[in-house]
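Step one of this worksheet: look at the structure below.
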Amino acid sequence: MLYKAAVIGDSQTVMGFKAVGLTTASANDGEEAASRLHELAKQDYAVIYITEQLAAQIEGDIAQYNDTPQVAVIPIPSWEGALGIGLKELHKAVERAVGADILKQ
């Protein structure tokens, strides 16, 4: 089985990912981002990157996929910069996996 990856974000951010062959889905707000996320998950995308700005607006939708092995939703910075959400989620995932935040500084 070939795993697919996609990127959800504003048009400026996803443009670069499209150039390297990833599936992209533009979204202007949380409602569009949530819709794109669920559509991509139903289409068997194993990795879905989403800009932190949009991820912050749809935390509940993303949480639906946190404990499913079929879909990994990964927040990434947009062209506007990082919000630290991706790093925070990494800490949470490590804590769930090993029982403690071993990355804490």
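Here the structure is a predicted model, which means the values were calculated and not measured.
Summarising the local packing, NZ of K18 is surrounded by 12 or fewer heavy atoms from other residues, nucleotides or ligands at distances under 6.0 Å.
Atom CD1 of I62 and atom CD1 of I8 lie 8.0 Å apart (nearest 0.5 Å). With values rounded to the nearest 0.5 angstrom, L40 atom CG is found 8.5 Å from K4 atom NZ.
The heavy-atom pair separating P75 from E52 by the smallest distance is CB-CG, 4.0 Å. What you find for G9 and V14 is that their closest heavy atoms are N-CG1, 3.4 Å.
By the 4.5 Å heavy-atom criterion applied to side chains, L37 and L54 are not counted as neighbours.
Relative ring orientation between H38 and Y65 is described as tilted, the plane-to-plane angle lying within the 30° to 60° band.
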Return all side-chain donor-acceptor pairs below 3.5 angstrom for residues 20-30, not counting sequence neighbours, or 'none' if the list is empty.
from : atom 1 : to  : atom 2 : distance (Å)
T23  : OG1    : Y45 : OH     : 3.0
D29  : OD1    : E31 : N      : 3.1
D29  : OD1    : E32 : N      : 2.9

